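Let me begin by presenting the structure, written as structure tokens, before commenting on it.
Below, each value reflects all heavy atoms present in this structure, side chains not excepted, and no hydrogens, waters or symmetry copies. Chain A is the first sequence line, chain B the second, and so forth, proteins listed ahead of strands; every chain is numbered from 1. Note that the coordinates shown come from a computational prediction; the quantities given were computed from them, not determined experimentally.
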Amino acid sequence: MRILYFAWLRAKIGTAEEEVAPPADVATTGDLITWLQSRGPTYADALANRAVVKVAVNQDYVGLDHPLAAGDEVALFPPVTGG
Amino acid sequence: MRILYFAWLRAKIGTAEEEVAPPADVATTGDLITWLQSRGPTYADALANRAVVKVAVNQDYVGLDHPLAAGDEVALFPPVTGG
Amino acid sequence: MAIRVQAEDFDVGAELAALSDGNPSVGGVASFVGLVRDIAGGDAVSAMTLEHYPGMTERQLAAIEAEARARWPLDGVLIIHRHGRLLPGDRIVLAACASAHRAAAFEACWFLMDWLKTKAPFWKQEETPAGARWVAAKREDDQAAERWYKRTP
Amino acid sequence: MAIRVQAEDFDVGAELAALSDGNPSVGGVASFVGLVRDIAGGDAVSAMTLEHYPGMTERQLAAIEAEARARWPLDGVLIIHRHGRLLPGDRIVLAACASAHRAAAFEACWFLMDWLKTKAPFWKQEETPAGARWVAAKREDDQAAERWYKRTP
């Protein structure tokens, strides 16, 4: 599963992109964030406030109960500020 | 007093501009239109429907009760259609 | 004050750029370009001639600009309106507002267009297969202009 | 479909002209150009860098364009959004809608701007005397976007 990070989430976590293989019980986007938070203090810090973490799966916005499949492209980022 | 006509009012009356010297009892813009209507069938026809005759005095919109002064520039024209 | 009444076409890109040039507090420029359509009331239109009232036109457009500046925080306002004979696809009018805030720019620009439609002394005559005809004022334009009247108690 | 995400600047006049070129049923083109301001939250901004999510950006902008076309009778829609490092006064975004009717053009263009502000995956980082900082999403932008949600019974 590929995970992309943008803006200050990318800066805090220290990478723009990584391949991860979460355990089988990580079934939803919410589960994935919980699992990522367990990977170390930088993750825990970056993902601490879920209200400012937006999630996209395969380039569409989803909620925290969205089911995950093996080949998904998951992106985590702050609220957008374009325009 | 100078009177200007525009658009189909100009075309119906047959002139874009004329100098007139209305009698002393022509005190308002409404009086002026009534007096102009008496000047002949082309005027009577062009000014028959006052709902579609707009009036400006010295380049500002006014109503039919607007008082007239000797040196005024009076314009009569249909509802505008610019933009 | 940026009001221009002219027979010549205008350069939209240059005009819009000039509205914010040298003023980096401008956050956005909203604009509207009106064009001659080739059809009106179901009839083909081959050309359109815009008559206007020189002097009063500039005076009314300046009053509309002043009203927009009084209502919204604007860094720049531009109205260019052409007169004379135009062909389908030709530009008729450009209205543009620059502001720090996009809502102000959009609202003010829309206001300029709605008010100039019913207040600026221009008259359109269309050339159709059945001959030349004067365009009648539209009730929907009056209603659009009325939206912007302030309610007084 | 006219969505472009690019580092390069764009030619506003040419882009707006292209929206109506060859289509004389267009009565008007409403547009908005967003610019980099030199001040934000009271602090001087010397530059701004726009990060984006390639692929998703185009996908979301295309969805916003499709929504606008479904809601209003539009003859043309254009969204150009830049990314990378920009300076005060630089153009960031152009949104434009061509329509036979000016109300449709204005509404649809405003809708494009409000929705892309809250849906297109761009993030701004400002350079200020106190260092670089990420721009926070504004509550007023969320409210502006919410205006356009259809009420469902």
(request) Report yes or no: does D:S99 contribute a side-chain atom to a donor-acceptor pair with the main-chain N or O of D:A104 at less than 3.5 Å? (result) no
(request) Measure from the side-chain N and O atoms of D:R71 to the backbone N and O of D:W148, and report whether any donor-acceptor pair falls under 3.5 Å. (result) yes
(request) May I ask you to check whether D:W72 and D:W110 place their ring centres under 6.0 Å from each other? (result) no
(message) Using salt bridge (Lys or Arg N to Asp or Glu O under 4.0 Å), reason through D:R85 and D:E127 one step at a time and then give a plain yes or no.
(response) CA-CA 10 Å; D:R85 188 166 182 273; D:E127 296 172 32; 2.9 Å; yes
(request) Heavy-atom distances under 4.5 Å only: say whether D:E51 touches chain A with side chain, backbone, both or neither. (result) side chain
(message) Can you classify the ring geometry of A:F6 versus D:W123 as parallel (below 30°), tilted (30 to 60°) or perpendicular (above 60°)?
(response) parallel
(message) Which one wins on heavy-atom pair count under 4.5 Å against chain A: D:H83, D:M113, D:R82, D:K119?
(response) D:K119
(message) Just to be sure I understand the criterion: a residue of residues 30-60 of chain A counts if one of its heavy atoms is under 4.5 Å from a heavy atom of chain D. Which ones qualify?
(response) A:A56, A:N58, A:Q59, A:D60
(message) When you measure from the side chain of A:T28 to the backbone of A:D65, do you find a donor-acceptor pair of N or O atoms at a distance under 3.5 Å?
(response) no
(message) Salt bridge or not between D:R91 and D:E8? Use side-chain N to carboxylate O under 4.0 Å.
(response) no
(message) Testing D:H81, D:E15, D:E58 one by one against D:R4 for a side-chain hydrogen bond (donor to acceptor under 3.5 Å, both in side chains), which residue passes?
(response) D:E15
(message) Is D:A63 in contact with chain A via its backbone, its side chain, both, or neither, using a 4.5 Å heavy-atom distance?
(response) neither
(message) Do D:Q60 and D:Y53 pair up side chain to side chain, a donor and an acceptor below 3.5 Å, judged on atom types alone?
(response) no
(request) Please check if the side chain of D:Q125 supplies one atom and the backbone of D:L50 the other of a donor-acceptor pair under 3.5 Å. (result) no
(message) At a heavy-atom distance under 4.5 Å, which candidate from D:D142, D:V135, D:L116, D:T57 has the highest pair count against chain A?
(response) D:V135
(message) Tell me whether the count of non-hydrogen atoms from other residues, nucleotides or ligands lying under 6.0 Å of NZ in D:K138 goes above 12.
(response) no
(request) Considering only heavy atoms, give the residues of residues 72-83 of chain A separated from chain D by less than 4.5 Å, sorted numerically, with 'none' for an empty result. (result) A:E73, A:A75, A:F77, A:P78, A:P79, A:V80, A:T81, A:G82, A:G83
